[in-house]
Amino acid sequence: MPVRVRFAPSPTGALHPGSARTVLFNYLYARKNAGSFILRIEDTDQSRYDPTSLESILSGIRWLGLGWDEGPDIGGDFGPYFQSDRLDLYHEMVQRLIDAGDAYPCFCTPQRLEELREAQRKAGLPTRYDRHCIDLTDAEVKTRVEAGEIPVIRMKVPEGKTVVHDLVRGDSTFDNSSQDDQVLLKSDGFPTYHLASVVDDHEMRISHVIRGDEWLASSPKHVILYGMFGWDPPIFVHLPVVLGPDKTKLSKRHGAASVLEFREMGYLPEAMVNFLAFLGWSPGTGEEHFSLEQLVAAFELEKIQDSPAVFDQAKLDSVNGLHIRALPVDEFAARLAPYVPELSRQLLAVAAPLIQERIQRLTEAPALLNFLVHRPEELPPEIVPKKQDLASTVAVLQDLRHLFETAQVDESLEPTLRELAETRGWKAGELFMTLRVALTGSPVTPPLLPSAKLLGRTECLVRLDHAIGGLIRGNSSQ
RNA sequence: GGCCCGUUCGUCUAGUGGCCUAGGACACCGCCCUCUCAAGGCGGAGAUCAGCGGUUCGAAUCCGCUACGGGCUACCA
């Protein structure tokens, strides 16, 4: 049987990091087994529908580089891929259940249901539908419908026990008495998740249902439904939850509501994928730096963790640094471009190698490179070394100024600078720092001489003059 | 309340009865390298494997109970 998996988001918001991991695992399993990855849109809740979220979800998945084989935008042999376009199918299936006596219409109002639950809660009982409408005759139903009442259709959960087989959890046994007579078809004619996902997973020949842990508790309903239809259930794989640092389920409260926000924060999609893969999975080999292709090769459902994982951004930072350093320099420069819009492509091409192993996030680049396009305004105190005074600093800067007038401004200058420090009685490090601050306005920069080279002799002279002038003025005003 | 699921260093994890006086990674600390910051190298600290009781010659690994955490308990997914 071919492997066919799906990610089935409801368009009610962006693609959360936790959902992104679900997408990833589906994708990896499909690719690993030469199967198909299907995207299906579960737009059955009209009240929560958010028209902007579909595009946001799709671009989130695309950003991560996880392409799908069938879906709303590209179609496929098992479409349509919007559940709202499949209503006829659900109605037909529900009728089948009604005819077989496995489902029944229910006219109970939301108010009655709420009162019922309230009473059950008060009595310390499980809250469940009391099957008030289960014995309505066809005639009664007909009369009430003709009178304008619109029923929902509920599944009639049989007696007994239901075992859910899960590749990660093993078998979980549920007593059917713990299952509610779930609504299958709502009064607006739309199916609930339970009906729609079962019908579609079957119709779309889904072989493995890989989804979040929160579905495990309703899985027995799904298994029962498969049984009622006479279908074989797919293999279930329930993924452990992704938690925030406070150990509660990861959500917008923890920072990012969308994976796309991580692009804004300077993360590489391949790093995000690598990091996400290790949230609840590990190849067991100790290796942790993986490309998407390598993940595909190594991925096994059996290695999925059965306990929740905390989303640790410090770890993400580290993984991102790893991937940044692994990029070919020109590719790194290209990725950097949007984050340093002030730098020309040419300048970026020569500047990128200077910071590639110095940053963990692309958003750190401006702080390191802006000196290339902005002259220092104020000079931080580091310009005067702790053990030196203002006068000798000015003298050193003047030496440097003379030197820069004629010398070649690049790495070859280093021995000369060390000599200069020596003759002035400075440590080389002190002189480098003074020069660094004078040229860049910052005590933290890429390597000094290569940076000076990018600035060029003329610009260096201007900045040295400015520094000397600044120090003198600062002195006289004291 | 009920039903399910889970519990190895702060975090991600390795581990499927003897190789575990529990290994790696991130974070942290120290040293080396070094013009700053990084990167890199070396080292350190950090887990009585939630607790208790069983099974066994032997248990992080199997079983039971307890505690704690989580999920579900909608005409939401």
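Not measured: the values here are computed from a predicted model. Below, chain A is the first sequence line, B the second, and so on; all start at residue 1.
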Q: Using the C1' atom as the reference point in each nucleotide, state the distance between B:A74 and B:C68 in Å, no decimals.
A: 29 Å
Q: Could you tell me whether the side chain of A:Ser187 has a donor or acceptor atom within less than 3.5 Å of a complementary atom in the base of B:C75?
A: yes
Q: Can you check the A:Gln356 CD to B:A39 P distance for me, whole Å?
A: 13 Å
Q: P atom, B:A67 versus B:G51: distance in rounded Å?
A: 16 Å
Q: For nucleotides 61-69 of chain B, just jot down a letter per nucleotide in 5' to 3' order: B, S or -, based on protein non-hydrogen atoms under 4.0 Å.
A: ---------
Q: Does this structure show an ion pair linking A:Arg169 with A:Asp306, if we count only N-O contacts that are shorter than 4.0 Å?
A: no
Q: Roughly how many Å is it from CZ in A:Arg21 to P in B:C12, rounded to a whole number?
A: 12 Å
Q: Within the 4.0 Å heavy-atom criterion, would you say A:Leu417 contacts the bases, only the backbone, or no part of the nucleic acid?
A: nothing
Q: Quickly work out the A:Leu185 CG to B:A77 P distance and round it to whole Å.
A: 12 Å
Q: Begin with the C-alpha distance, continue with both residues' side-chain angles, and end with the deciding distance and a verdict on ring-ring contact (aromatic ring centres under 6.0 Å, His included) for A:Tyr90 and A:Phe190.
A: CA-CA 8 Å; A:Tyr90 308 129; A:Phe190 278 72; 8.9 Å; no
Q: Does A:Lys315 pair with A:Glu288 as a salt bridge, N-O distance under 4.0 Å?
A: yes
Q: Can you list everything that forms a side chain to side chain contact (heavy atoms under 4.5 Å, CB included) with A:Ala217? Sequence neighbours excluded, please.
A: none
Q: Using distance alone, with no hydrogens and no angle criterion, decide if A:Tyr193 and A:Gln182 have a side-chain donor and acceptor under 3.5 Å apart.
A: no
Q: Decide yes or no for A:Ile324 and A:Leu362: does some side-chain heavy atom of the first lie under 4.5 Å from some side-chain heavy atom of the second?
A: yes
Q: Of all the choices, B:C72, B:A39, B:C12, which nucleotide is nearest to the side chain of A:Ala309 once you look at every atom?
A: B:C12
Q: Using atom P of each nucleotide, how far apart are B:G10 and B:A50 to the nearest Å?
A: 12 Å
Q: Tell me if the aromatic rings of A:Phe82 and A:Tyr49 count as close, with their centers under 6.0 Å from one another.
A: no
Q: Looking at A:Phe7 versus A:Trp68, is the centre-to-centre ring distance below 6.0 Å?
A: no
Q: Does the protein touch nucleotides 21-37 of chain B at the base, only the backbone, or not at all? Give it as B, S and - per nucleotide, heavy atoms under 4.0 Å.
A: ---BBS--------BBB
